[in-house]
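Atoms considered below: every heavy atom in the structure, side chains included; atoms not considered: hydrogens, waters and symmetry mates. Given the structure is predicted, the values throughout are model-derived calculations rather than measurements. For ligands, and for the atoms within them, numbers begin at 1 and follow the listed sequence. Index from 1, following the sequence.
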Amino acid sequence: MSIHPLIQSLKGTLIVSVQAYPGEPLRTPEAMALMARACELGGAAAIRCQGLADISAIKGRVEVPVIGLWKDGHDGVYITPTLRHARACVAAGADIVAIDATDRPRPDGKSVADTLAPLKEEGVLTMADCMTIDDIRRAVDLGFDIVSTTLSHGTAAIDCTMADGPDLPLLRQAAKEFPGFPVVCEGRVHTPDEARAAMDAGAWAVVVGTAITHPTSITSWFAAALDA
Ligand SMILES: CC(=O)N[C@H](C=O)[C@@H](O)[C@H](O)[C@H](O)COP(=O)(O)O
């Protein structure tokens with residue numbers, strides 16, 4: 001198995017997801033770029049981010065690699081759903097493009113295999129956002145460069161409580177089936193201990209979003225603790 005040097009460089013690292021959601025006060029590319037730079041100073045080895053304007057603004061502000069995606073809609077396949085979205089992320093400056101790798105219907109009627117093939121020919125590095133072990137198996141088989149547990153809990157990244165942790169069973173299963181393959185733990189990693197546990201469970205790298213870069217969620221966790 002040949003692993004690209006950029007992906008090799010992410011082994012054992014923390015990747016920070018820097019995203020704000022529609023209608024939120026921080027949803028401007030400049031705010032996201034400042035947040036990304038702050039995370040880089042804290043030790044993020046790469047930044048994951050959403051939307052062409054954010055990718056471009058963040059790419060212009062940080063030295064570390066940028067994993068780009070484009071969320072279009074919020075139901076079904078919304079993370080970089082088509083080849084057009086993926087190519088636009090590359091054009092905006094993404095070093096790696098994250099793509100929904102489930103087999104759910106895509107807006108253009110194409111399969112994930114059809115979506116990936118041209119990108120591979122074009123030499124684009126790809127990260128497969130997966131929901132199940134079957135998604136991970138398919139993604140490895142198709143030739144994604146990284147697989148990730150991103151979608152294992154569905155879509156509600158910002159509605160969870162601090163106590164909801166990552167999907168370590170899925171991570172363990174994937175790491176066991178594909179030793180040496182870049183399996184990333186993403187989704188609901190809320191504490192440093194959980195990040196460490198994910199690494200110990202076989203993660204290539206750990207992506208943390210909400211717990212570092214979504215102050216509204218973090219504040220609500222503290223407020224809920226005081227309410228209890
Ligand atoms: C499910 C979905 O759409 N996940 C998105 C993918 O980019 C983001 O909303 C998450 O914040 C990201 O995956 C990091 O996860 P967490 O914020 O839980 O650390």
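Numbered from 1 in the order shown, with element, the atoms of ligand 1 that lie under 4.0 Å from a heavy atom of Y78 read 1 (C), 2 (C), 3 (O). Contact atoms of ligand 1 toward R188: 16 (P), 18 (O), 19 (O) (distance under 4.0 Å to a heavy atom of the residue). Residue T210 approaches ligand 1 through these ligand atoms, each under 4.0 Å from one of its heavy atoms: 16 (P), 17 (O), 18 (O), 19 (O). Near Y21, meaning under 4.0 Å from any of its heavy atoms, are these atoms of ligand 1: 8 (C), 9 (O), 10 (C), 11 (O).
Side-chain atoms of E24 and H214 form a donor-acceptor pair, as typed in the model, at a separation below 3.5 Å. No side-chain N or O of H153 forms a donor-acceptor pair with one of D167 less than 3.5 Å apart. For the 3.5 Å distance criterion, the side chains of T102 and D100 qualify, holding a donor opposite an acceptor.
Across the listed options K71, Q50, E194, K71 owns the non-hydrogen atom lying nearest to atom 5 (C) of ligand 1.
Using 4.0 Å as the threshold, G187 has a heavy atom nearer than that to some atom of ligand 1. Within the 4.0 Å heavy-atom shell around ligand 1 one finds R48.
Note that the CG atom of D164 and the OG1 atom of T210 stand 11.0 Å from one another [nearest 0.5 Å].
Between L151 and ligand 1, no pair of N/O atoms sits closer than 3.5 Å. Remark: ligand 1 and T150 share no N or O pair separated by less than 3.5 Å (distance only, no angle test). Inclusion of H190 in the set of residues having an N or O under 3.5 Å from an N or O of ligand 1 is not warranted.
Side-chain contact between L119 and I99: present, with at least one pair of heavy atoms (C-beta onward) separated by less than 4.5 Å. When side chains are defined from C-beta on, L69 counts as touching R48, because their heavy atoms get closer than 4.5 Å.
Remark: of the listed residues I15, I146, I7, I7 is the sole one forming a side chain to side chain contact (heavy atoms under 4.5 Å, CB included) with W204.
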